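Any value given below was found using the heavy atoms of this structure, including those in side chains, with hydrogens, waters and symmetry copies removed. Keep in mind it's a predicted model, so treat the numbers as computed, not measured.
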Amino acid sequence: MDRWAEQRDELHAACEEMYRRGLVGAYSGNASIRLEGDLEEGLLLVTPTQRPYYRLQPEELVVVDLSGEPMSDGLAPSSETALHLEIYRTREDVNSVVHTHSLCASAAAVAGREIPPIVDEMVFHIGGGVPIGDYAFPGSEELALIAARAMGERNAVLLRNHGVVGVGNEIWDALEVCDLVERVAHIFVLAHAFGPGGANPLPPDIIAVEQQLFRDRCRASHR
Ligand SMILES: [Zn+2]
């Protein structure tokens with residue numbers, strides 16, 4: 001029996017759900033979970049490249065080490081593996097990374113607009129607004145560095161002219177973050193339809209209170 005069979009089934013189920021919700025095209029986006037180890041040494045399970053989600057099998061998910069090298073023969077790991085690795089390196093609290101190309105969030109990324117904290121659940125689950133970094137080529141080390149830096153301690157970031165990255169303690173958390181980013185991006189676009197000033201951020205004092213709750217919950221879940 002495969003040592004990582006349970007983790008393969010879980011990541012596979014999350015990928016199916018990500019595709020079913022329309023957060024990615026069949027060949028786009030990717031997802032990973034931290035299998036074991038710390039920031040110096042460890043293993044990840046990541047989606048393969050060039051495999052449509054509707055044909056993906058759990059055993060085709062790729063185990064890689066923290067330099068991105070596959071641990072066995074088979075399909076090559078996602079072309080965005082460097083992005084996942086950089087986030088695991090810089091965020092000890094993160095055990096899962098999901099990257100999506102959902103429509104409204106990608107539209108915000110194309111417009112170069114960060115999404116301000118406009119609804120409470122953004123602050124509870126993302127830690128505030130969704131930041132955006134500078135443009136970098138897909139799959140590059142530069143993109144990995146820019147995304148991790150722009151995300152900081154938030155749970156999501158927009159990749160300029162590209163898409164979304166969401167992170168979490170487990171794969172379903174990261175998936176729900178990406179889903180939330182898509183929904184708030186949609187709200188952001190619709191609010192602008194009401195005219196200038198249509199997308200009002202939450203009051204600053206409320207954001208501060210909610211950010212404290214976000215930090216307290218993060219700390220509690222990583223004790
Ligand atoms: Zn992408």
Side-chain angles (χ1 to χ4, degrees), residues 14 17-18 21-24 28-32 80 83-84 86-88 90-91 93-136 138 142-194 197-215 217-218 221:
E17 182 65 10
M18 174 170 76
R21 293 190 196 181
L23 297 174
V24 289
S28 69
N30 32 72
S32 71
E80 294 289 9
L83 171 69
H84 294 246
E86 184 60 22
I87 292 170
Y88 291 119
T90 52
R91 289 281 299 269
D93 59 312
V94 166
N95 291 313
S96 183
V97 177
V98 172
H99 166 48
T100 57
H101 287 185
S102 60
L103 287 181
C104 291
S106 296
V110 167
R113 299 287 294 271
E114 62 176 22
I115 307 172
I118 49 175
V119 293
D120 301 283
E121 58 181 336
M122 290 179 76
V123 192
F124 290 133
H125 298 290
I126 295 169
V130 185
I132 184 167
D134 292 336
Y135 177 80
E142 189 189 7
L143 178 65
L145 293 170
I146 287 172
R149 197 179 312 132
M151 183 162 65
E153 296 190 345
R154 299 274 163 88
N155 279 349
V157 65
L158 293 177
L159 307 180
R160 195 175 288 255
N161 294 78
H162 185 163
V164 181
V165 178
V167 302
N169 193 25
E170 59 167 273
I171 186 68
W172 299 103
D173 298 332
L175 180 66
E176 294 303 340
V177 163
C178 287
D179 195 77
L180 175 60
V181 172
E182 175 57 14
R183 284 185 291 117
V184 298
H186 199 169
I187 292 167
F188 188 53
V189 171
L190 292 176
H192 276 293
F194 288 98
N200 296 303
L202 293 160
D205 55 330
I206 296 296
I207 294 172
V209 168
E210 292 175 347
Q211 281 179 325
Q212 189 57 50
L213 291 170
F214 170 77
R215 284 192 290 268
R217 209 186 51 215
C218 289
S221 66

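Of the possible donor and acceptor atoms, none in the side chain of R113 sits under 3.5 Å from a partner among the backbone N and O of I132. Using a distance-only test at 3.5 Å, with no hydrogens or angles considered, a donor-acceptor pair links the side chain of R91 to the main chain of G152. Between the E210 side chain and the F124 main chain, no donor and acceptor come within less than 3.5 Å of each other. Using a distance-only test at 3.5 Å, with no hydrogens or angles considered, no donor-acceptor pair links the side chain of S28 to the main chain of T100.
Between F188 and H192, the ring-plane angle classifies as perpendicular under the 30° and 60° cut-offs.
Applying side chain to side chain contact (heavy atoms under 4.5 Å, CB included) to E86 and the options L145, L143, V97 leaves one that passes, L145.
For R149, there are no side-chain hydrogen bond (donor to acceptor under 3.5 Å, both in side chains) partners at least two apart in sequence or on another chain.
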Item to complete: Evaluate side chain to side chain contact (heavy atoms under 4.5 Å, CB included) for I187 paired with I115, printing each intermediate quantity in order.
Response: CA-CA 10 Å; I187 292 167; I115 307 172; over 6 Å; no
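Using a 4.5 Å heavy-atom cutoff, the side chains of V181 and L158 are in contact. When side chains are defined from C-beta on, R183 counts as touching L180, because their heavy atoms get closer than 4.5 Å. Counting only heavy atoms from C-beta outward, the side chains of S102 and V164 approach each other to under 4.5 Å.
Counting non-hydrogen atoms of neighbouring residues, nucleotides and ligands closer than 6.0 angstrom, the CD atom of E153 reaches no more than 12 such neighbours.
The shortest heavy-atom contact between A156 and P131 is O-CD, 3.4 Å. P138 and H162 make their closest contact through CB-CE1, 4.0 Å (heavy atoms, listed as atom of the first residue, atom of the second, distance). Nearest approach of N169 to D93, heavy atoms of both residues: OD1-O, 4.1 Å. The two residues Y135 and N161 have their closest heavy-atom pair at CD1-CB, 3.9 Å. Closest of all the heavy-atom pairs between I146 and G133 is CG2-CA, 3.9 Å. Nearest heavy atom pair, residue N155 against residue F214, reads ND2-CE1, 3.6 Å.
How far CZ of R154 is from CE of M122: 8.5 Å, rounded to the nearest 0.5 Å. Here CG of D134 is found 11.5 Å from CG of L159. Values are rounded to the nearest 0.5 Å. Here CG of D179 is found 8.5 Å from CD of E17. Values are rounded to the nearest 0.5 Å. Rounded to the nearest 0.5 angstrom, L23 CG and H99 NE2 are separated by 12.0 Å.
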Sequence neighbours left out, cut at 3.5 Å: what donor-acceptor pairs do the side chains of residues 171-178 make with other protein atoms?
unit_1: W172; atom_1: NE1; unit_2: E10; atom_2: OE2; d: 3.2
unit_1: D173; atom_1: OD2; unit_2: E170; atom_2: N; d: 3.2
unit_1: E176; atom_1: OE1; unit_2: R21; atom_2: NH1; d: 3.1
unit_1: E176; atom_1: OE2; unit_2: R21; atom_2: NH1; d: 3.4
unit_1: E176; atom_1: OE2; unit_2: R21; atom_2: NH2; d: 2.9

